[in-house]
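Note that the structure is predicted; figures quoted are calculated from it, not measured.
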Amino acid sequence: MNTLKRAAMVGLGGQAAGDHLPGLAQCRLAELVGVCDIDADRVAVAADAYQVPGFTTVEHLLRKVRPDFVIAAVPHHAGRAVVAACAEAGVHMLKEKPFAIDPHEAAELVALCDESGIELMVTVQRRFHPVYAAGFQLLERIGIPYLVEGRYTFHCPDPAAGWRGRAELAGGGCLADMGYHLIDLLIWYLGLPDRVLADTTTAAVPGAEYDAEDTALVHLAYDHDLYGSLLISRSVGPKTERLTITGPHGTLAVERGIVRLLDPSGQIVETLLREPAWPYPPAALIDRFCRVLDGTAPNPSGPAAQLPHAAFLAAAYTSVATNRPTAPKEFLT
């Protein structure tokens, strides 16, 4: 019988409240033993609600509680410090995306994890979702892909608000934030593109001062005659998330919770649907990380596996600045 892993929550914003803390309450292989946030009021509320000790610094939490792993859901610019503290303390880490804000930081974090021997898994949830796994298996049915189209959009009332509106703190806008999930799916299914050309805009809120894009359009090219585009926006409703890949024998259409296989004329050949009850998905993700720590399951989103994501983003933002296609492989270290 597995011993419950001791988990601590670092960062008590919406992601923690909506996903990770309910997931910890429902998962089978871990228990919450501490919470941490720089906001003392948030700490007090969460510590009281879950009856665990609360802290305002990661270092204090790690010294006093000694968890088996930390779940980190902090602003993007704060992620490196949390990884460094966990690495120094020898504490494993389940980290919200993005892994890093640029390729240099990504390489530095890979080295930190390797040198300390800690296990780190990035919460790219679609890697653990059976519908997306089924989509990957069905991909061979369409033949060699020649077209890919992705869209991930929703309406945020104020894209300029908070640290997410500042590129320096967020590492980018919607492309680096919510777009990370679509980029991960693209890399998983099709590999890293050979060239990208991106355009971004901050026009959703006229007169507002923010420099982290609310909308991005990325054109993709692979050397083996595969082309496509991604549209990502946190200003365009309704909420839509899909990736469609077309080959000579049909199209694979993947959306959140459903995958469809279509013939060349667009007729549905096969459909797979999943309707999970929340918060089961976050609980399953936490249990999976516990199995990674036990050595009974592989880690599909470890540090080294995130380097292509950082390279993709760096190439996309470079192409915005130069107005020229850029090769993501130039940024791989």
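Within a 6.0 Å radius of CD in Q51, more than 12 heavy atoms belonging to other residues, nucleotides or ligands are found. With a 6.0 Å radius and a threshold of 12 heavy atoms from other residues, nucleotides or ligands, R195 has its CZ atom above the threshold. Around CD of E88, the count of heavy atoms belonging to other residues, nucleotides or ligands within 6.0 Å does not exceed 12. Within a 6.0 Å radius of CD1 in I38, other residues, nucleotides and ligands contribute 12 heavy atoms or fewer.
Residues forming a salt bridge (charged side-chain N to carboxylate O under 4.0 Å, His left out) with D68 (at least two apart in sequence, or on another chain): none. E255 meets the salt bridge (charged side-chain N to carboxylate O under 4.0 Å, His left out) test with R260; sequence neighbours excluded.
For T201 (side chain) and A203 (main-chain N/O), a donor-acceptor pair under 3.5 Å exists by modelled atom type. Judged by distance alone, with hydrogens and angles left aside, the side-chain atoms of K97 form no donor-acceptor pair with the main-chain N or O of A100 at under 3.5 Å. Formation of a donor-acceptor pair under 3.5 Å by the N299 side chain with backbone atoms of L120 is found in this model. For the pair T240 (side chain) and P238 (backbone), a donor-acceptor distance under 3.5 Å is present.
Atom CG of L261 sits about 8.5 Å away from atom OG1 of T271, to the nearest 0.5 Å. The CZ atom of R164 sits 12.5 Å away from atom CG of D158, with the distance rounded to the nearest 0.5 Å. In this structure, CG in N323 is found 6.5 Å from CG in D199, a value given to the nearest 0.5 Å. For the atom pair CG (L62) and NE2 (H60), the distance works out to 10.5 Å, reported to the nearest 0.5 Å.
Side-chain N/O atoms of D19 and Q15 include a donor and acceptor closer than 3.5 Å. With hydrogens and angles left out, the side-chain atoms of T296 and D294 include no donor and acceptor closer than 3.5 Å. Between the side chains of R141 and H249, no donor-acceptor pair of N or O atoms lies under 3.5 Å. Under 3.5 Å, the side chains of E96 and H20 contain a donor-acceptor pair of N or O atoms. Side-chain contact of T251 with T246: a donor-acceptor pair under 3.5 Å is present, judged by distance alone.
For residues 70-112, the pairs satisfying ring pair (Phe, Tyr, Trp, His ring centres under 6.0 Å) are H76-W163, with sequence neighbours left out. Counting only residues at least two apart or in different chains, side-chain hydrogen bond (donor to acceptor under 3.5 Å, both in side chains) contacts with residues 228-239 comprise T215-S233, T215-S235, S233-S235. Within the structure, the side-chain hydrogen bond (donor to acceptor under 3.5 Å, both in side chains) test picks out no pair touching residues 27-46 (sequence neighbours left out). Sorted by first and then second residue, the ring pair (Phe, Tyr, Trp, His ring centres under 6.0 Å) pairs with a member in residues 292-329 read Y180-H309; sequence neighbours excluded.
Pairing each heavy atom of L175 with each of I232, the nearest pair is CD1-CD1, 3.5 Å. Between C36 and L61 the shortest heavy-atom distance is CB-CD2, 4.0 Å.
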- Query: Given V236 and H155, is the side-chain contact (heavy atoms from CB on, under 4.5 Å) satisfied, shown in steps?
  - Reply: CA-CA 5 Å; V236 177; H155 178 67; over 6 Å; no
- Message: Please evaluate residues E108 and R80 with respect to the criterion salt bridge (charged side-chain N to carboxylate O under 4.0 Å, His left out), reporting the C-alpha separation (whole Å), side-chain torsions for both, the decisive distance (0.1 Å), and the verdict.
- Response: CA-CA 9 Å; E108 185 179 8; R80 187 207 173 281; 2.6 Å; yes
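With respect to L29, the side-chain contact (heavy atoms from CB on, under 4.5 Å) criterion is satisfied by exactly one of D287, I286, T3: D287.
In this structure, H224 and Y222 have tilted ring planes: the angle between them lies in the 30° to 60° band.
With respect to D184 and R126, no salt bridge is recorded, no charged nitrogen being found less than 4.0 Å from a carboxylate O.
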